[in-house]
Novice: 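Handing you a structure now.
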Amino acid sequence: KQEVTQIPAALSVPEGENLVLNCSFTDSAIYNLQWFRQDPGKGLTSLLLIQSSQREQTSGRLNASLDKSSGRSTLYIAASQPGDSATYLCAVYSGNTPLVFGKGTRLSVIA
Amino acid sequence: DTEVTQTPKHLVMGMTNKKSLKCEQHMGHRAMYWYKQKAKKPPELMFVYSYEKLSINESVPSRFSPECPNSSLLNLHLHALQPEDSALYLCASSIQDRSYEQYFGPGTRLTVT
């Protein structure tokens, strides 16, 4: 059964800092991995989708990498801003259940 | 249009009420999903519809009844809910079931009294 872990559970950084969020999964036979952002009480916003054949995806200040063989993905956020404060969720698709989510990393960017 | 809409935004209902949640998308997606999310937890999959047919039911109690009248619309009918069913209910869609990027709606905050 696929399990997804996100470390750290919470992170607080000063504005302008570059940061890395980590996601690991137990079954490396995945089809894709998706990173989401969720603001309190709101729905999920898709940030990046990486297919299993890809190594990374970029969107603006965000860069997500995937190392399928080691069961890891990272989300790199450059020059963080207070507006980046949210919970970041990693989710993988690996066969039977469309998406398996990690518990998320709660990010606070302090001005 | 890359938007999934959900109504209502908030819903308070008693344990004997019957109510419905509505989800709509006009992106031509043929897969639609219902998720339940409790506070500080990740979303949990409830149902998947693929081409208007129920393809996955994650052992959800029968007091939750999904319906997909057409390819753009997904309903969740609620009856005789319990207080522990209070949660954020999220709808999502994707081009097809499995292996495609999912787009989520803003959710309905449900409180059962």
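Bear in mind that the values here come from a model prediction, so they are computed numbers and not experimental data. Protein chains get the first letters and strands the later ones, always in sequence-line order, with residue 1 at the start of each.
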Novice: A/Q38 and B/Q37: side chain to side chain contact (heavy atoms under 4.5 Å, CB included), yes or no, with the steps?
Specialist: CA-CA 12 Å; A/Q38 186 173 31; B/Q37 187 178 28; 2.7 Å; yes
Novice: From A/S46 OG over to B/Y103 OH, what is the distance, rounded to the nearest 0.5 angstrom?
Specialist: 6.5 Å
Novice: Should B/M32 and A/F36 be counted in the same cluster of Ile, Leu, Val, Met, Phe, Trp and Tyr side chains packed under 4.5 Å apart?
Specialist: no
Novice: Crowded around B/K38 NZ? As in, over 12 foreign heavy atoms under 6.0 Å?
Specialist: yes
Novice: Only pairs at least two apart or in different chains count here, so list each ring pair (Phe, Tyr, Trp, His ring centres under 6.0 Å) that has a residue in residues 47-68 of chain B.
Specialist: B/F64-B/Y89
Novice: Does CZ in B/R30 sit with more than 12 non-hydrogen atoms of other residues, nucleotides or ligands closer than 6.0 Å?
Specialist: yes
Novice: Could you check if a side-chain atom of A/L99 sits within less than 4.5 angstrom of a side-chain atom of B/L45, using non-hydrogen atoms only?
Specialist: no
Novice: Is A/K42 atom NZ crowded by more than 12 heavy atoms from other residues, nucleotides or ligands, each under 6.0 Å away?
Specialist: no
Novice: In residues 12-21 of chain A, which residues are in contact with chain B at a heavy-atom separation under 4.5 Å?
Specialist: none
Novice: Among the clusters formed by ILVMFWY side chains lying less than 4.5 Å apart, do B/L21 and B/L88 turn up in the same one?
Specialist: no
Novice: Treating Ile, Leu, Val, Met, Phe, Trp and Tyr as nodes and any side-chain heavy-atom pair under 4.5 angstrom as an edge, say whether B/I56 and B/W34 lie in one connected cluster.
Specialist: no
Novice: Name the residue from B/P106, B/P43, B/P42 that meets the side-chain contact (heavy atoms from CB on, under 4.5 Å) definition with A/L44.
Specialist: B/P43
Novice: Say whether, by atom type as modelled, one donor and one acceptor occur between the side chain of A/Q34 and the main chain of B/E101 under 3.5 angstrom.
Specialist: no
Novice: Please check if B/L81 and B/M46 belong to a single hydrophobic cluster, counting links between Ile, Leu, Val, Met, Phe, Trp and Tyr side chain heavy atoms closer than 4.5 Å.
Specialist: yes
Novice: Nearest 0.5 Å please: distance from the CG atom of A/L49 over to the CD atom of B/Q102.
Specialist: 10.0 Å
Novice: Hey, any chance A/I77 and A/L66 share a hydrophobic cluster, counting ILVMFWY side chains that come within less than 4.5 Å of each other, even indirectly?
Specialist: yes
